[in-house]
Amino acid sequence: MSVLNPARSTALGPHYKWVVLSNTTIGVLLATLNATSLIIALPVIFRGIHLDPLQSSNFPFLLWIMMGYMLVSAAVVVTVGRIGDIFGRVKMYNLGFAWFTVGAILLSCVWSTGSTGALELVGFRMFQAIGGALLMANSAAIITDAFPSEQLGFALGMNMVAAILGSFLGIVAGGLLSEIGWRWVFLANVPIGIFGTVWAYMKLKEIGIRIKARIDWLGNLSFAAGLAMVLTGVTYGIKPYGHSLTGWADPFVLEMIGGGLALLVAFAIVETKVPDPMFRLSLFRIRAFTAGNAAGFLGGVGRGGLQFMLMIWFQGIWLPQHGYSFADTPLWAGIYMIPFMIGFVVSGPLAGKLSDRYGARPFATGGMLVSGAMYVVMMTFPANFSYLPFAAVMFVSGIGGGLFAAPNTASIMNSVPARHRGAASGMRVTFAQVGLPLSMGLFFTLLVFGLNDKVPAAMFHGLVTHGVPAADALKLSHLPPLGYIFAAFLGLNPLKSLLGPAVLSHLAPGQAAVITGRAFFPQLIGPSFKSALVLILSFAAVMSVIAAIASALRGEKYVHVDEESIAQKARLHHGHSRGARSDGSTTQTPLGPLGGAPSGPKVPATRK
């Protein structure tokens, strides 16, 4: 394996880094806007393709439309990061922008209805995920290439603020665009994607270290397949199996998780044997890299599924009792959660900038502790809480997230050799993304069992009291809780959807109005939901504390500096490439064990 340093005839100048930041910020904005607008528009999308997502046979479509993008992205993001190290990070990033935009066009052109239309949506969404992975894996690496280490935290902080703003704009856009037509939810991304793609191809330059190496096909396949199998198994663990409330006893789930873990073990063995591994496991010897990724993973497990729990809390319990129809709750849940986003926006860039000077450890560690403390405070609120104190808690929780995100990412990216930034960024994204499905699998399991403990008896009694025949009430009360949870999450009136017109039409109008009203269902599940939520919040708080411990173990500020990284930064201002010949070709330098040149003068990594 050898390294190629792209030669440049002219200096890019000190302003190039801002071009990089602005373009990658648009990329992040596009990806997060797309994700949240899809969640808000799901009810309209399913109506548009004439499919009832609450039917047991259709529930897998709902899971895959929600989770398929993330599963594919997590499985391939390290691979595409490594490909960026070999063929050029800017080249792969630009391809990702174009790929993502084509995916949005395909999603808007789904031509079928029913299960076939759902399969097309899932397939095109997974296709789009590859573009998203190309963007996510290479954007942080490109920013790291362009910014000096003393400004990297601030740059990544601004980039992550765009992600939070994209999430909010996606909520509003999804709510408004779905009123026009569900295809506009995807079409609205196309102009942004085209603009970002053209701008990226015109302005971004290949300044990073490129590795001349062969693609590790066996390592790539074993990692992608193993991770995809594990995440698929965890996702299907949410789905009821037979008479069980969840799917953890389903042989398919056990086989997918077991087989996936076996492939990941095989991946680790393969990476120690091949000459050009997909990911150099020796990078985990770098303390800041390992501690930062561990903290990101543990924090993701703690907070990932909790966001869904809070949305269900708002949509299924709090908002209906405060005058909002179930159909309006997805949009308003996002709006009422704005304090979290504001807290992140306030603290993110500031924490990133301060971490450039003082290191990531105090800010990332403090951010996790703040988040954990707020989870504990949330336990004290009743199911039907007073909003202003709860908004203050969400705001402080957002501050904790902002304190952690940018410093932790900058610490990880600063710690690795320049030639491995793409793969390292991909691994960072993988650790962060894997936390979400694991968190959702655990949190939904806790919620389902918590609700099933008391809700069936209360539901049966309440329905019979209001005129529902005992046989129908018994059948509905024994349905798995996941049915009415997702009904509320999709903005559907849970009991109206599950009882159906066949039962409701035989009830007295007043009785039917009470059952399908805004108070009956929230008051029915509220106490049991809160009891289950205490367990969930307790787990999230514990995971945040463990993440804080991992963060604290990263040590003082660490920046990996070697001859290649110095030469790469110099090209930004001086327009020449170390190792470039007069004819414009490049020299090739053999790689050492972690990417450092094995001979010649050494420039040690720095600690501050």
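Note that the coordinates shown come from a computational prediction; the quantities given were computed from them, not determined experimentally. We number each residue from 1, following the sequence as shown.
- Counting only residues at least two apart or on different chains, the side-chain hydrogen bond (donor to acceptor under 3.5 Å, both in side chains) pairs with a member in residues 403-416 are Asn408-Arg554, Ser411-Arg554.
- Listed for the Asn293 side chain is a donor-acceptor partner under 3.5 Å among the backbone atoms of Phe289.
- Legend: salt bridge (Lys or Arg N to Asp or Glu O under 4.0 Å) pairs involving residues 89-109, not counting sequence neighbours, sorted by first then second residue: Asp85-Arg89, Arg89-Asp145.
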Would you list the atom pairs, donor with acceptor, under 3.5 Å between side chains in residues 65-80 and any protein atom, with sequence neighbours excluded?
residue, atom, partner, partner atom, Å
Ser73, OG, Gln433, OE1, 3.3
Ser73, OG, Gln433, NE2, 3.3
Thr79, OG1, Asn220, OD1, 2.7

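- Distance check, rounded to the nearest 0.5 Å: CG of Leu107 to CZ of Phe186 gives 4.5 Å.
- Looking at heavy atoms from C-beta onward, Asn23 lies out of side-chain contact with Val19 at the 4.5 angstrom threshold.
- In terms of modelled atom types and a separation under 3.5 Å, the side chain of Arg183 and the main chain of Val110 share a donor-acceptor contact.
- Between Phe344 and Phe340, the two ring planes are tilted [angle within 30° to 60°].
- Partners of Met309 according to the side-chain contact (heavy atoms from CB on, under 4.5 Å) rule, which considers only residues two or more places apart in sequence or in another chain, are Leu306, Ile312, Phe443, Phe444, Leu447, Leu533, Ile536.
- Summarising the geometry of Asp356 relative to Gly153, their closest heavy-atom pair is OD1-N, 2.6 Å, with the distance given to 0.1 Å.
- The ring pair (Phe, Tyr, Trp, His ring centres under 6.0 Å) test applied to Trp217 returns no partner, not counting sequence neighbours.
- Between the side chains of Ser139 and Thr24, not a single donor N or O lies within less than 3.5 Å of an accepting N or O.
- For Phe97, the ring pair (Phe, Tyr, Trp, His ring centres under 6.0 Å) partners at least two apart in sequence or on another chain are Tyr93.
- How far CD1 of Ile26 is from CG of Leu21: 10.5 Å, rounded to the nearest 0.5 Å.
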Distance-only donor-acceptor pairs under 3.5 Å for side chains of residues 125-136, two or more places apart:
residue, atom, partner, partner atom, Å
Arg125, NH1, Asn34, OD1, 2.4
Arg125, NH1, Gln128, OE1, 2.8
Arg125, NH2, Asn34, OD1, 3.4
Gln128, NE2, Phe100, O, 3.3

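- For Thr430, there are no side-chain hydrogen bond (donor to acceptor under 3.5 Å, both in side chains) partners, not counting sequence neighbours.
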_Please evaluate residues Asp216 and Val270 with respect to the criterion side-chain contact (heavy atoms from CB on, under 4.5 Å), reporting the C-alpha separation (whole Å), side-chain torsions for both, the decisive distance (0.1 Å), and the verdict._
CA-CA 9 Å; Asp216 173 20; Val270 167; 4.2 Å; yes
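- When the ring pair (Phe, Tyr, Trp, His ring centres under 6.0 Å) test is applied to Phe223, the partners found at least two apart in sequence or on another chain are Phe267.
- In plain terms, the two heavy atoms of Ser22 and Trp199 that are nearest each other are OG-CH2, 3.0 Å.
- Remark: the backbone N or O of Lys205 is paired with a side-chain donor or acceptor of Tyr16 at under 3.5 angstrom.
- Panel note: side chain Ser439, backbone Val301; a donor-acceptor pair is recorded below 3.5 Å.
- Paired with Val161 under the rule side chain to side chain contact (heavy atoms under 4.5 Å, CB included), one option of Val345, Thr25, Leu29 passes, and it is Val345.
- Nearest heavy atoms, Val434 versus Leu227: CG2-CD1, 3.8 Å.
- The closest side-chain heavy-atom distance from Thr101 to Asn189 is not below 4.5 Å.
- No side-chain heavy atom of Leu442 sits less than 4.5 Å from a side-chain heavy atom of Leu438.
- In this structure, Arg361 contributes its side chain and Ser551 its backbone to no donor-acceptor pair below 3.5 Å.
- Annotation: the span from Trp64 atom CH2 to Thr235 atom OG1 amounts to 6.5 Å, rounded to 0.5 Å.
- Residues Lys557 and Ser355 fail the side-chain proximity criterion, which asks for heavy atoms closer than 4.5 Å.
- Under the 4.5 Å side-chain criterion, counting only non-hydrogen atoms from C-beta, Ile286 is in contact with Pro417.
- In this structure, the side chains of Leu350 and Val346 stay at 4.5 Å or more apart for every pair of heavy atoms.
- Applying the side-chain contact (heavy atoms from CB on, under 4.5 Å) rule to Thr290 yields the partners Phe284; only residues at least two apart in sequence or on another chain are considered.
- Between atom CZ of residue Arg82 and atom CG of residue Asp276 there is a gap of 6.5 Å, rounded to the nearest 0.5 Å.
- Here Ser108 pairs with nothing under the side-chain hydrogen bond (donor to acceptor under 3.5 Å, both in side chains) rule; sequence neighbours left out.
- Nearest approach of Met368 to Ala548, heavy atoms of both residues: CB-CB, 3.8 Å.
- Atom CG of Leu331 sits about 4.0 Å away from atom CD1 of Ile335, to the nearest 0.5 Å.
- Expressed to the nearest 0.5 Å, how far CG of Leu283 lies from CZ of Arg285 amounts to 9.5 Å.
- Side-chain contact between Pro437 and Met440: absent, with no pair of heavy atoms (C-beta onward) separated by less than 4.5 Å.
- Taking the six-membered ring where the residue is Trp, Trp18 and Phe154 present perpendicular rings, their angle passing 60° and hence far from 30°.
- Phe308 meets the ring pair (Phe, Tyr, Trp, His ring centres under 6.0 Å) test with Phe489; sequence neighbours excluded.
- Across all non-hydrogen atoms, the minimal contact from Leu310 to Met337 is CB-CE, 4.1 Å.
- Judged by distance alone, the side chain of Ser425 and the main-chain N or O of Ala137 form a donor-acceptor pair under 3.5 Å.
- Met427 is listed as a side-chain neighbour of Phe279, based on a closest heavy-atom distance under 4.5 Å.
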*Checking side-chain contact (heavy atoms from CB on, under 4.5 Å) for the pair Leu218/Val274: CA distance, chi angles, key distance, verdict?*
CA-CA 9 Å; Leu218 188 57; Val274 296; 5.7 Å; no
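- No side-chain donor from either of Lys353 and Gln151 sits under 3.5 Å from a side-chain acceptor of the other.
- Between Ala351 and Gly402, the shortest heavy-atom distance links the atoms CB-O, 3.8 Å.
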